[in-house]
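Since the structure comes first, as structure tokens, the remarks are kept for the end.
Read the numbers this way: they start at 1 and go in the same order the structure lists the ligands and their atoms. When a residue number appears, it is its place in the shown sequence, counting from 1.
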Amino acid sequence: MSKLVPTVRSGDVLMPALGFGTWQLENGTAVPLVEKALEVGYRHIDTAQIYRNERDVGAAIKASGVKRDEIFLTTKVWIDQFADGDLQRSAEKSLEKLGVDHVDLLLLHWPKPEVPLAETLKALNEVRSRGLTRAIGLSNFPSALLRQAADLSEAPIANDQVEYHPYLSLKTLKAKADELGTSITAWSPLAQGKVAQDLVLIEIGRAHGKTPGQVTLRWIIQQGIIAIPRTSNPARIEENFDILDFALSDEEMTRIHALARPDGRLGDWLDKAYQWDAE
Ligand SMILES: NC(=O)c1ccc[n+]([C@@H]2O[C@H](COP(=O)([O-])OP(=O)(O)OC[C@H]3O[C@@H](n4cnc5c(N)ncnc54)[C@H](OP(=O)(O)O)[C@@H]3O)[C@@H](O)[C@H]2O)c1
């Protein structure tokens, strides 16, 4: 089986199309799981200040023996740290906890209207200029806000990390992101486990000898979108990585796109000042 994970151009950096998510892996649980992910071959780890596991992720990276420069490490600034000064201190704190001198990508976790976006982006750009992160990006920014951020930022907006799985459409945001050279990362790519019971995904999986989870992750990366599945089950760490030796046909891709539905969103914490794209 080929283990070469494709990369996705994101502003001026390349990101592995498959990463390991660590939300809700708290109190030390992330350590053996991230170590296992690195052993299996993942080279992209996603954490956030708010996940309270940056120290654990850092410890796992160190213990894994995989060289730091072979790993694409993302963390996120929480929404109460968006003011000039707070953001820079938050980034320094994250690096201290992770035990690294830079991350590869630093994201604003959710858009927030309290601090002007221009101020937050200036601070984020400063963090990048100081070399604390190789690239900067956003999370949960709909297309109009992504456009605004790109206009305000000196450095390219490398990435927008948003919820995406077969029950959501991403048409508008993907088109805007493509236009701006911004990559998209899919969070909750497995719809938090719901894809496992989906009859369409089960049927497509049977044709390839793959599970519904594998079909879903393949569908995402085949669109040039990055997927960061999370599991606390070591066998599933392997399962979710084993998606590089098959391809879905155009017809199968279209069948999966047709599963999108208006009530498909699972995590809606968008400030009411903003609106998701209609599709
Ligand atoms: N930027 C943001 O605002 C944001 C928001 C949410 C998440 N994220 C990031 O995205 C990552 C992934 O999202 P997520 O954790 O919400 O959800 P997810 O990856 O879609 O799903 C995780 C759930 O699916 C189960 N699962 C894992 N592999 C499976 C498989 N092959 N078949 C069936 N079930 C499977 C897991 O259970 P087991 O543990 O029992 O395997 C877990 O309950 C997060 O960990 C985090 O890094 C970012």
From CD (E252) to CG (L201), nearest 0.5 Å: 10.5 Å

Distance from atom 13 (O) of ligand 1 to nearest protein heavy atom, with residue and atom: S188 N, 3.0 Å

Atom 20 (O) of ligand 1: nearest protein contact (heavy atom, Å): L190 N, 2.8 Å

Ligand-residue contact atoms, ligand 1 with A191, heavy atoms, under 4.0 Å: 20 (O)

Taking atom 40 (O) of ligand 1 as the reference point, the nearest protein heavy atom with its distance: R236 NH1, 3.3 Å

Nearest-neighbour protein heavy atom for atom 21 (O) of ligand 1, which is reported as residue plus atom name and distance: Q192 CA, 3.3 Å

Over 12 non-hydrogen atoms of neighbours within 6.0 angstrom of CG in D250: no

Side chains of D160 and S139, donor plus acceptor under 3.5 Å: no

Residue portion contacting ligand 1 (non-hydrogen atoms closer than 4.0 Å) for P189: both

Qualifying residue, where the test is side chain to side chain contact (heavy atoms under 4.5 Å, CB included) with I228 and the options are T185, I45, T22, N240: T185

Subset of ligand 1 atoms that lie under 4.0 Å from at least one heavy atom of Q161: 1 (N), 2 (C), 4 (C), 8 (N), 9 (C), 48 (C)

Shortest protein heavy-atom distance from atom 11 (C) of ligand 1, along with the residue and atom involved: I228 O, 3.2 Å

Shortest protein heavy-atom distance from atom 27 (C) of ligand 1, along with the residue and atom involved: R230 O, 3.2 Å

Numbered atoms and elements of ligand 1 in range of G193, under 4.0 angstrom, heavy atoms: 21 (O), 23 (C), 24 (O), 34 (N)

Distance filter under 4.0 Å to E239 heavy atoms, resulting ligand 1 atoms: 30 (C), 31 (N)

Nearest-neighbour protein heavy atom for atom 45 (O) of ligand 1, which is reported as residue plus atom name and distance: W23 N, 2.9 Å

Ligand 1 contacted by F20 (non-hydrogen, < 4.0 Å): no

Separation between CD1 of I136 and CG of L105, rounded to the nearest 0.5 Å: 9.0 Å

Crowding at NZ, K112 (>12 non-hydrogen neighbours, <6.0 Å): yes

Exceeds 12 heavy-atom contacts within 6.0 angstrom, atom CZ of R52: no

Gap between atom CD1 of I225 and atom NZ of K174 - 0.5 Å precision: 5.5 Å

Any N/O pair W269/ligand 1 closer than 3.5 Å: no

Minimum non-hydrogen distance to atom 41 (O) of ligand 1, winning option of N240, T47, T231: T231

Whether H208 and F246 hold their rings parallel, tilted or perpendicular, with breakpoints at 30° and 60°: tilted

Protein residue, atom and distance nearest to atom 5 (C) of ligand 1, heavy-atom basis: W187 CD2, 3.2 Å

side-chain hydrogen bond (donor to acceptor under 3.5 Å, both in side chains) assessment of S94 paired with E54: CA-CA 7 Å; S94 285; E54 287 175 310; 2.8 Å; yes

Criterion side chain to side chain contact (heavy atoms under 4.5 Å, CB included) against D104, the qualifying member of R68, H44, M15: R68

Distance filter under 4.0 Å to P229 heavy atoms, resulting ligand 1 atoms: 19 (O)

Residues W23 and D46: side-chain donor-acceptor under 3.5 angstrom: no

Non-hydrogen atom of W110 closer than 4.0 Å to ligand 1: yes

Atoms of ligand 1 close to H109 [distance to a heavy atom under 4.0 angstrom, numbered from 1]: 1 (N), 2 (C), 3 (O)

